[in-house]
Amino acid sequence: MSWIVVEHLAGGGAVLHELAPGDAAAGGAPDLSRGPTASVQVASDDLAAVVAAREADRPRWVLDEVALRYPPLLAAGVRLDRCHDLRLCHAILRTSASCSDSALATAVPGPWDARHAPEPDAAAESDRQPTLFDDLAPPESSDAAASLGSASSWNFWHGSGARASTVVASSPSGGEGEGGVVPDPLAEPRTPAEGGPADLLAELGAQLEAVAGSEQPGRLRLLLAAESTGALVAAEMAHDGMPWDAAEHDRLLTELLGPRPAPGARPARLEELAAQIRRALDAPALNPDSQPDLLHALRRAGLDVTSTRRSEIAAQQHPAVEPVLAYKKLSRLLSANGWAWLDTWVRDGRFRPDYVVGGVVTGRWATSGGGALQLPAQIRSAVRAEPGWTLVVADASQLEPRVLAAMSADGAMADAARGADLYQALADAGTVSSRKEAKYGMLGAIYGATTGVSAALMPRLTAAYPRAIGLVEAAARAGERGEVVSTWLGRSSPRPGPSWWAAREAASGEGADARDVAEARRRARDWGRFTRNFVVQGTAAEWALCWMAALRRRLRDLPGRPHLVFFLHDEVMVHSPVGVAEQVVEAVRDAAAEAGRLLFGDAPVEFALDVAVVDSYDRAT
DNA sequence: AGAGGTCGCGCC
DNA sequence: AGGGCGCGACCTCT
C-alpha cells in the first residue's frame, strides 16, 4: 500500500510526497529511511482533481488534520478511502502507556500538542521579521518539532538530499488564499511553526517509530487507523448531513408549545402552564424559569424539596407538581431544540452537527454544536428519509458488558454474551434473580456503584465472573493510586491533576487531620471510578469506531450510494435507497462481526445488534 | 457588559 | 446510584 503525505502550503496549494512501501513486517508502514520517492507540487485549484486521480490506487493519505483538509475535498466531490490524521494520532501516541518511552512521548510539548495541527506559515520564512506573537510562545517550542522528530527521522530526511525542501522553496502557484481560509493571526496565538515538509514527515516518522517500538504495535496501528477513518466519517457526515424534515419539526413544536412566538416571548402553552404554577403556589409574580425563585416558592407552598430537580419535585404530592414538570419538559424542548435551534442547525433539509473526533478522553466523539449527541426522543420524528430512501438504524445492544466480557476473557460472562440478551442470560445462569438485577449489577460494576441495590450485587457478580469484575476492579485500584490505565487498543487515561496530588499529599503529611484524609480518600475513589469506566467505555468506543469503519468500506461497494448520516457511541444510521436497504442491513451486521474479530480475534463473544429499517428515526426502538 | 460557575437535563 | 459528555439559562462576580 502506498502512503502519500499531503503538505499544505501557506499560500494555497500543496505538495504530495509519495513514500516507498515498507516490508510486511512493519504492519504496512511505509519506508521512511530515504525520504519520499517523489514530491509533486500541486496548485490549489488542481488539488482536488489530482487527489481524486491518485485515489484510484487507494493510498493512505497522510494529512496534518482531516477536519481542516477534507471538507474542501468533499465539496469538490472527492472522497478518500483511508488516511492517517497526524494530529489525532499524535494525541493518542503522546499519552499511550504502550509507547511511553518513545521519542514522541518523551519530547517537550510542541506544535502537534496544540488544539489544532501546526499550520504551514509564511512566518517560517527565514527573512521574516519577529512579531509580537513570538512572545506568546513558550521559549522551548521552536525546537519542539525537531526534537519530536528526533535524530531518527529528521536527519534521515535531510541527510538524503533536500528534495522536499527544494520544492517548498519554490513559490506556490496556487495563488494567495484562493478559495481557502486565510488564517487570522489575531485569532489565536501560534507557536512559530517551522513550516515545510519536515514537520509532516518528521512527525509521521516519529509516530511510526513510536508504534513500532511499542508494547502492542498491532493494536496501536488498528487504533490509529480506526481513529483516522473516524475523522473521515465525521467530515463526510457533516458534508452529507442528517436528513431533517423542518416542517415536521415545526409541526411538532407548534403542537406541543403553540405557534411560534415573537423572539423572547413565551409560547402560549408555556404561558398557560406558568399561570397554573403561579396559582398553585400562590405566587403571582413567579418566574418559573428562575431556579432560586421557583425553589423558594415551592418550599413556601409546603413542598419538601431542596432543589428544583425533576426527580425531587415528582416525589411530592401537590397541585403544583404536574404543571411544574410539564413546564420544565416543554421549556427544555424550546430552549434546546426549538425554533432557534432549527434556524441555526438545519439548512436545506439537513442537520449538520460539528462532530469532534476524539473529543472525549475515553475516545468517544463529542460535538461542538447542535447537541447532536443528545437528540431527544421527542423530536426524532423529524429525522426523516428522503422519498425513495430509508433509514437503517442499528445499535449495539449491551455493548459495554460485552466488551468487558471479551477484553477480560471471562469464560462464564462470554457464555452470557453469546446470545441476544446478555442481561437475561446472567439471570438465567442463576447469578442474579432477575434481568433487572443483572442490568443494574453490571452497570454498577462498570460505573463503580458504591451504594444501593447495585453495590449489593457485587459479591455475587464477583464470584460468578471473577475475571470480568477483576478487570474493572484492577482499573479502579490503579486509578485510586493515581496510575494510568489503558483501553484494549492502547488509548491511555490522563493522570489526575495537581489538586488531586495535593490532596493526597496533604492527607499523608504531618499536620493531616481527619478531614484531609477523608478528602483524599474521596478523591481517590472518584478517580478510581473514572479509570474503572475508562477502560470499558474507551474499548467500547474502539469497537464502535472499527464497526463504523468496516461498515463504511462495505457501503462503498453498494449501489445507489447509501451513506452514514449519524453516529452515537454505539449506534449508527445509514441513509439508503429503499432498494438497497436489505444489503445495508447485512453490511451493518457483517461489520459488527468484523469489528469483534479485529479487536478480540476469535473471542467467543457476540456483538448483538438491534437493526431497524424505518422512514423516521422515532420508529427505531 | 462580559466571564465564569452552577444547575438541570438531554443522550450514551 | 455510579461513568462520560454538551448546552442553555440563570446568577454572581468583576
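Below, each value reflects all heavy atoms present in this structure, side chains not excepted, and no hydrogens, waters or symmetry copies. A note on names: the letters A, B, ... follow the listed sequences, proteins ahead of strands, and every chain is numbered from 1. Just so it is clear, the structure is predicted and the values come from calculations on it, not from any experiment.
- Of the residues in residues 303-321 of chain A, not one places a heavy atom less than 4.0 Å from an atom of DNA chain C.
- Contacts between residues 481-499 of chain A and DNA chain C, defined by a heavy-atom separation under 4.0 Å, are absent.
- Note on A:S454: a base of the nucleic acid sits closer than 4.0 angstrom, heavy atoms only.
- Salt-bridge formation is detected for the pair A:E236/A:R552: a Lys NZ or Arg NE/NH1/NH2 atom is positioned less than 4.0 Å from an Asp or Glu carboxylate oxygen.
- Using a 4.0 Å cut-off between charged side-chain N and carboxylate O, A:E606 and A:R418 make no salt bridge.
- Under the ring pair (Phe, Tyr, Trp, His ring centres under 6.0 Å) criterion, A:Y423 pairs with no residue, sequence neighbours left out.
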Show which side-chain atoms of residues 457-470 of chain A pair as donor or acceptor with protein atoms under 3.5 Å away, not counting sequence neighbours.
unit_1, atom_1, unit_2, atom_2, d
A:T462, OG1, A:M458, O, 2.7
A:Y465, OH, A:T431, OG1, 2.9
A:R467, NE, A:S408, O, 2.9
A:R467, NE, A:A409, O, 3.2

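- Applying the salt bridge (Lys or Arg N to Asp or Glu O under 4.0 Å) test to every pair with at least one member in residues 273-290 of chain A, sequence neighbours left out, gives these pairs: A:R266-A:D289.
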Short N/O separations, protein against nucleotides 3-8 of chain C, under 3.5 angstrom:
unit_1, atom_1, unit_2, atom_2, d
C:dG3, OP1, A:R529, NE, 3.2
C:dG3, N2, A:R364, NH1, 3.4
C:dG3, N2, A:Q537, NE2, 3.4
C:dG4, O4', A:Q537, NE2, 3.2
C:dG6, O4', A:Q374, OE1, 3.0
C:dG6, O3', A:T367, O, 3.3
C:dG6, N2, A:Q374, NE2, 3.2
C:dG6, N3, A:Q374, OE1, 3.4
C:dG6, N3, A:Q374, NE2, 3.3
C:dC7, OP1, A:S368, O, 3.0
C:dC7, OP1, A:G369, N, 2.6

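- Following rounding to the nearest Å, A:L295 (CG) and C:dC11 (P) show an atom-to-atom distance of 12 Å.
- Among residues at least two apart or in separate chains, salt bridge (Lys or Arg N to Asp or Glu O under 4.0 Å) pairs with a member in residues 254-264 of chain A are A:R251-A:E255, A:R260-A:D343.
- Taking A:Y70 as the reference, nothing meets the ring pair (Phe, Tyr, Trp, His ring centres under 6.0 Å) condition, with sequence neighbours excluded.
- Residue pairs meeting the salt bridge (Lys or Arg N to Asp or Glu O under 4.0 Å) criterion with at least one member in residues 391-400 of chain A, sequence neighbours excluded, are A:R364-A:E400.
- Of the residues in residues 226-253 of chain A, not one comes within less than 4.0 Å of DNA chain B through any heavy atom.
- If you walk DNA chain B from 5' to 3' and mark each nucleotide with an atom closer than 4.0 Å to a heavy atom of chain A, the marks span B:dC7 to B:dC12.
- In this structure, A:L375 reaches the sugar-phosphate backbone alone: every heavy-atom distance under 4.0 Å involves primed, P, OP1 or OP2 atoms, never a base.
- Sequence neighbours left out, not one pair with a member in residues 296-317 of chain A passes salt bridge (Lys or Arg N to Asp or Glu O under 4.0 Å).
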